[in-house]
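These notes concern the structure reproduced below.
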Amino acid sequence: MLSQQKTISFDTETTGIDAHQAELVGLSFSVTPGEAYYMPVSADQDQARTTVARFKGILENPEISKIGQNIKYDMAMMKWYGVELAGHLYDTMITHYLCEPDLRHKLDYLTESYLDYKMVPIEDLIGRGGKNQLTMRDVALEKVKEYACEDADLTLQMVPVLKKMMHENELDDLYIKIEEPLIRVLCDLEYEGIRISGDFLNEYSKELDKIILEKEQEIYRNAGVKFNISSPRQVGEVLFDRLKVPYRWKKTSSGQYSTDFDKLTELAGEHIVIDTILEYRKFSKLKSTYVDALPTMINPRTGRVHSNFNQARAATGRLSSENPNLQNIPIKDEAGREIRKAFIPRDDDHVILAADYSQIELRIIAEISNDQSMLDAFIAGNDFHKATAAKVYSVAYDDVTSEQRRNAKTVNFSITYGAGATNLSRQLKISRKEATELIKSYFREFSGLKNYMDETVKQAREFGYVKTLLGRRRNLRDINSRNSLTASNAERVAINTPIQGTAADMIKIAMIDIHQTIKEKQLRSRMVLQVHDELVFDVYKPELETLKSIIQDKMKNAIPNLKVPILVEIGVGNNWLEAH
DNA sequence: GCACTCACG
DNA sequence: ACGTACGTGAGTGCG
């Protein structure tokens, strides 16, 4: 497909790693291996735009395919300079990620591994970290030219290597149908960003400050000593050495006492200071990771927050989010949920809409294992965890107790991880024997599932990899390890990856389809976040009903002709919390 | 730069 | 006898 078209490898040099804050320094291009060209642009932004505009004929030509390493970055950069990158996108980072999802995908690693070529480290030009850090703009043109041309050239040289790997691993379809179109979706989503109320968070920060100070005083009073409560080591020493709280676990690999949530919760009755330490930790975490950090991430150009959604990180095929991570905003804890109130629509004419897949991973297991009992339960449309409890405890659906439902929910959850009796017993706080019995009756009821899991592991051992429903692949180097712990780790990965990965494939398709429809219908509403099984939109109020029906349709039907029903729950509100 | 802890799905 | 959950990113402490 690519070889019949004109192609050009292309790279941008900029003043920083955030495409929404950086300024362009130059462009490099390569069409022939071993040969590349560099075009510097002025620091004067008007002049820079004029220079960039001269390349529109190439960059906006849909007949010319673009090759790039993490091309979403360059695409966003170009967007800021008024250029909409067109044509097929061949991303060397993403294609390598599809072939070897557990390895690294940086260009220097790729050229060393596959071309036996050592690239010039960027640190040689701009120095490393600290206050002496330069930007590309401070570096002599001759040096930048060499560096930029090397990037474009080596990216081009990686293409035949990757094409061969992609073809051999039957990954072309996955790339063309999902990952390539997703690049544009994510670029638009990131460019759009999301509005966050800095005022709201700053007010909340003051409240947290008071609470944390109170907890701190209470801890010092009850412990009889001042120490750094944020230091796990000091917490361990105070609790277990000074206050003689009994410690009954293995120490950490570095020889420290472990003081994580599970341990401290179990010890809560042993000393009154323990509960307060847990509270202190909770509020400190909220303050430092979210309440104080998020306002500093508001982009001065846009007044919005532009996370980076990494398309080549999670080995299962999921996205990840960084700078800031908007996929781990609190929701379970009451005080944490408050933070979601800061995620708001762009203005009074908009609302936040959140659309969630309901129990997507369990539905996918039912689908790919073809377990009739599980499929029937989903088709019946009742509370799935309750239906599971009825089956494994052999009671009528209406007689399921809340404890039985809770246990069934945990078992359902554990199954997707391939967890065994030891962990289930720990999770449910029941004996190992009881846990073994529970798992036994679970697999008696869902024998098709058991069969599928055994078969998956068997195939993984034979072929050395597993695949999702859409052909995403993960090599499992350890699956035949002689070390039984290593091997069983790989077995759990073998079971979990097709499930987590198929769910990732599904929502990616939905994102592409929704994005496409919004574009076609020229709507003003925008997709702003993805959180694994949830999509969040900034919706123009007059378009609300239209958006609801598009989202329902595209999320439900992302993968057509499934046996299992797919359920999508939609909520709307004046902030992200209200939308749930 | 690693270890620990903890936020999410 | 022993022992783990699957996938992430970020803040803090500390050597």
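Letters go in sequence order (proteins before strands), and every chain restarts at 1.
Between A:I277 and A:V235 there is a side-chain heavy-atom pair separated by less than 4.5 Å.
Comparing A:R474 and A:K250 along DNA chain C, the residue whose closest nucleotide (by nearest heavy atom) sits nearer the 5' end is A:K250.
Counting distance only, with no hydrogens placed and no angle test, the side-chain atoms of A:R313 and the base atoms of C:dT8 include no donor-acceptor pair under 3.5 Å. Checked by distance alone, A:Q500 brings a side-chain donor or acceptor within 3.5 Å of a matching partner on the base of C:dC6. With hydrogens and angles ignored, a donor-acceptor pair closer than 3.5 Å exists between the side chain of A:S414 and the base of C:dA5.
A:E434 and A:S431 form a side-chain donor-acceptor contact under 3.5 Å, judged by distance and modelled atom types alone.
Listed pair A:S231 / C:dC14 meets the phosphate criterion, a side-chain N or O lying under 4.0 Å from OP1 or OP2. A sub-4.0 Å separation between OP1 or OP2 of C:dA10 and a side-chain N or O of A:N323 is present. Residue A:R233 has no polar side-chain atom (N or O) positioned under 4.0 Å from OP1 or OP2 of B:dA3. Distances shown here put every side-chain N or O of A:R318 at or beyond 4.0 Å from the OP1 or OP2 atom of C:dG7.
Rounded to the nearest Å, the gap between the P atom of B:dC4 and that of C:dT4 is 14 Å. When the C1' atom is compared between B:dC8 and C:dG3, the two are found 26 Å apart, to the nearest whole Å.
A:R340 has its CZ atom 8 Å from the C1' atom of B:dC8, to the nearest Å.
C:dT12: Watson-Crick or G-U partner is B:dA3, with both key distances under 3.5 Å.
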